[in-house]
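Remarks on the structure that follows.
Treat the numbers as computed from the prediction; the structure is a model and nothing was measured.
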Amino acid sequence: MKNNTAENQFILLGISDLPELQFPLFGAFLLIYMATMFVNLIIITLIWVDAQLHIPMYFFLIHLSIIDICSSSVTVPKMLMNLLLGMKTISFSGCIAQFSFFIFFADSEVILLSVMAYDRHVAICHPLRYAAIMTGRQCGQLVTGSWAGGFLCSLMHTIATCRLSFCGSRIIHHFFCDVPQVFKLSCTDPFINIVLVFISGVIVGLGCFMITIISYIYIIAAILRINSRTGRSKAFSTCTSHLTVVTFYYGTMLFTYLHPASSYAMSEGRILSVIYNVITPLVNPMIYALRNQEIKAAMKRVLRSDKGFTTKKMAHN
């Protein structure tokens, strides 16, 4: 029974093997994870309660925050257990589940970011038709398509991965069951899996990237046609938050997964993955909170209303 149990488990080496770094890293990543949950929940709640934010851009932002919460929760809790308790083992089913949900949320976010770029394109290039194009039904279909696209990619890769057999080393040189690391441990030829990763990368990754680039080409062209400097600045300010998020997201993802194999170090790969998996879900809502004037104004309105309600309640008592 012990041998069978061991055969159904993998070993996650984690971020660092140095014992003296385990507790400091645990404290740091716990704070980051708690901040990620808090900031994203604040964004979701703020958009939900403030009627002036009930527009398509912030509807998409709610789903981006939900994805950030979920994607961070796929990898960080297990990493924290590894650091605090030294629980480096993960079951085969747990590894496949982590693998599947990671792909699900990553691909959903890529598609959603391209949807948000399209939304900004319509808002700036076709302002008079914006309300007619970005209807509630259309926004719902775009968001559903984002989640469905991520689910289909995840399902395809999960089914293909379950056909692999693992009969050699069970050591994963990472803090979660990442796609390349799982393939390396297979004693079955993972050629089909690699082909599927390439196909989905071209269709989802490159396809969504091209949609985002083309949308911003039209956006920049439309902004340059605006005569007033104030008008250009105002138009561009409506998409700076999204552009910053897209740049940060694609930048970290490209560095993580398109790193030259000859110069790739496992420790460096783990650091890049920390940025992509742990830091990005925290940075995304902070970019919107700090750079978006409407979010700041909504926060002030909510705080003022809460203060007024508290004052009235105290006066009534």
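Tyr276 and Tyr249 have tilted rings, their planes meeting at an angle from 30° to 60° on a 0 to 90° scale. Between Phe101 and Phe105, the ring-plane angle classifies as parallel under the 30° and 60° cut-offs.
Two residues are said to be in side-chain contact when any heavy atoms from C-beta on lie closer than 4.5 Å; Tyr218 and Arg120 fail this criterion. Contact check for Leu113 versus Cys208: no side-chain heavy atoms found under the 4.5 Å cut-off. Annotation: side chain of Val76 is in contact with side chain of Met79 (closest heavy-atom distance under 4.5 Å). With a 4.5 Å cut-off on side-chain heavy atoms, Val115 and Asp119 do not count as touching. With a 4.5 Å cut-off on side-chain heavy atoms, Ile11 and Gln9 do not count as touching. Two residues are said to be in side-chain contact when any heavy atoms from C-beta on lie closer than 4.5 Å; Trp147 and Ile67 meet this criterion. Ile295 is listed as a side-chain neighbour of Leu53, based on a closest heavy-atom distance under 4.5 Å. Between Val74 and Phe104 the shortest side-chain heavy-atom distance does not fall below 4.5 Å.
A donor-acceptor pair under 3.5 Å links the side-chain atoms of Lys88 to the main chain of Leu13, judged by distance alone. Using modelled atom types, no side-chain atom of Thr135 and backbone atom of Ala132 make a donor-acceptor pair closer than 3.5 Å. A donor-acceptor contact shorter than 3.5 Å links the side chain of Thr36 to the backbone of Ile32. Listed for the Asp50 side chain is a donor-acceptor partner under 3.5 Å among the backbone atoms of Gln52. The backbone N or O of Ser154 sits nowhere less than 3.5 Å from a side-chain atom of Asp107 that would complete a donor-acceptor pair.
Taking SG of Cys125 as the reference point, atom CD1 of Ile217 lies at 11.5 Å (rounded to 0.5 Å). Separating the CD1 atom in Ile55 from the CD atom in Glu294 is a distance of 5.0 Å, to the nearest 0.5 Å. Atoms CD1 and CD1, on Ile159 and Ile96 in that order, are 12.0 Å from each other to the nearest 0.5 Å. A distance of 6.5 Å separates OG1 of Thr161 from CD1 of Ile103, quoted to the nearest 0.5 Å. For the atom pair CD (Gln181) and OG (Ser186), the distance works out to 13.5 Å, reported to the nearest 0.5 Å. Separation of atoms CZ (Phe92) and CZ (Phe166) is listed at 5.5 Å; rounding is to 0.5 Å.
Ile203 is linked by a side chain to side chain contact (heavy atoms under 4.5 Å, CB included) to Ile199, counting only residues two or more places apart in sequence or in another chain.
Few gaps surround NZ on Lys296; more than 12 heavy atoms of other groups in view lie less than 6.0 Å from it. Within a 6.0 Å sphere centred on CG of Asp189, other residues, nucleotides and ligands contribute more than 12 heavy atoms. No more than 12 heavy-atom neighbours from other residues, nucleotides or ligands sit within 6.0 angstrom of CZ on Phe151. Around CD1 of Ile192, the count of heavy atoms belonging to other residues, nucleotides or ligands within 6.0 Å does not exceed 12.
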Verdict with reasoning, Met37 to Ile69, per side chain to side chain contact (heavy atoms under 4.5 Å, CB included) | CA-CA 6 Å; Met37 298 297 108; Ile69 289 173; 3.7 Å; yes
Carefully, step by step, assess Leu61 and Ser241 under the rule side chain to side chain contact (heavy atoms under 4.5 Å, CB included).
-> CA-CA 11 Å; Leu61 182 56; Ser241 298; over 6 Å; no
Kindly determine whether Leu196 and His157 satisfy side chain to side chain contact (heavy atoms under 4.5 Å, CB included), including the steps that lead there.
-> CA-CA 7 Å; Leu196 290 176; His157 290 301; 4.0 Å; yes
Take Leu30 and Met34 through the test side chain to side chain contact (heavy atoms under 4.5 Å, CB included) and record every step on the way to the result.
-> CA-CA 6 Å; Leu30 178 62; Met34 292 173 64; 3.9 Å; yes
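Both Phe10 and Ile15 are assigned to one and the same hydrophobic cluster, defined by single-linkage of ILVMFWY side chains at heavy-atom distances under 4.5 Å. In terms of hydrophobic clustering, with Ile, Leu, Val, Met, Phe, Trp and Tyr side chains grouped at heavy-atom distances under 4.5 Å, Leu41 and Val278 are assigned to a common cluster. Follow the hydrophobic side-chain contacts under 4.5 Å out from Leu25 and you reach Ile279 in the same cluster. If you chain together hydrophobic residues whose side chains sit under 4.5 Å apart, Leu21 and Leu83 fall into the same group. Hydrophobic clustering of Ile, Leu, Val, Met, Phe, Trp and Tyr side chains at less than 4.5 Å, counting indirect connections, unites Met286 with Ile275.
Heavy atoms only, all atoms of each residue included: Val110 and Gly205 are closest at CG1-CA, 4.3 Å. The minimum heavy-atom distance between Met299 and Ile42, with the atom names listed, is CE-CG2, 4.4 Å. Nearest heavy-atom pair across Leu112 and Leu64 is CD2-N, 3.4 Å. Of all heavy-atom pairs spanning Pro281 and Asp68, the tightest one is CB-O, 3.6 Å. Residues Gln98 and Thr75 come closest through the heavy atom pair NE2-CA, 3.9 Å. Of all non-hydrogen atoms in Asn193 and Arg163, the two that sit nearest each other are OD1-NH1, 3.1 Å.
Residue pairs meeting the salt bridge (charged side-chain N to carboxylate O under 4.0 Å, His left out) criterion with at least one member in residues 191-212: none, sequence neighbours excluded. The list of ring pair (Phe, Tyr, Trp, His ring centres under 6.0 Å) pairs with a residue in residues 19-60, not counting sequence neighbours, reads Phe59-His63.
Judged by distance alone, the side chains of His242 and Tyr216 do bring a donor and an acceptor atom under 3.5 Å apart. Between the side chains of Ser228 and Thr230, no donor-acceptor pair of N or O atoms lies under 3.5 Å.
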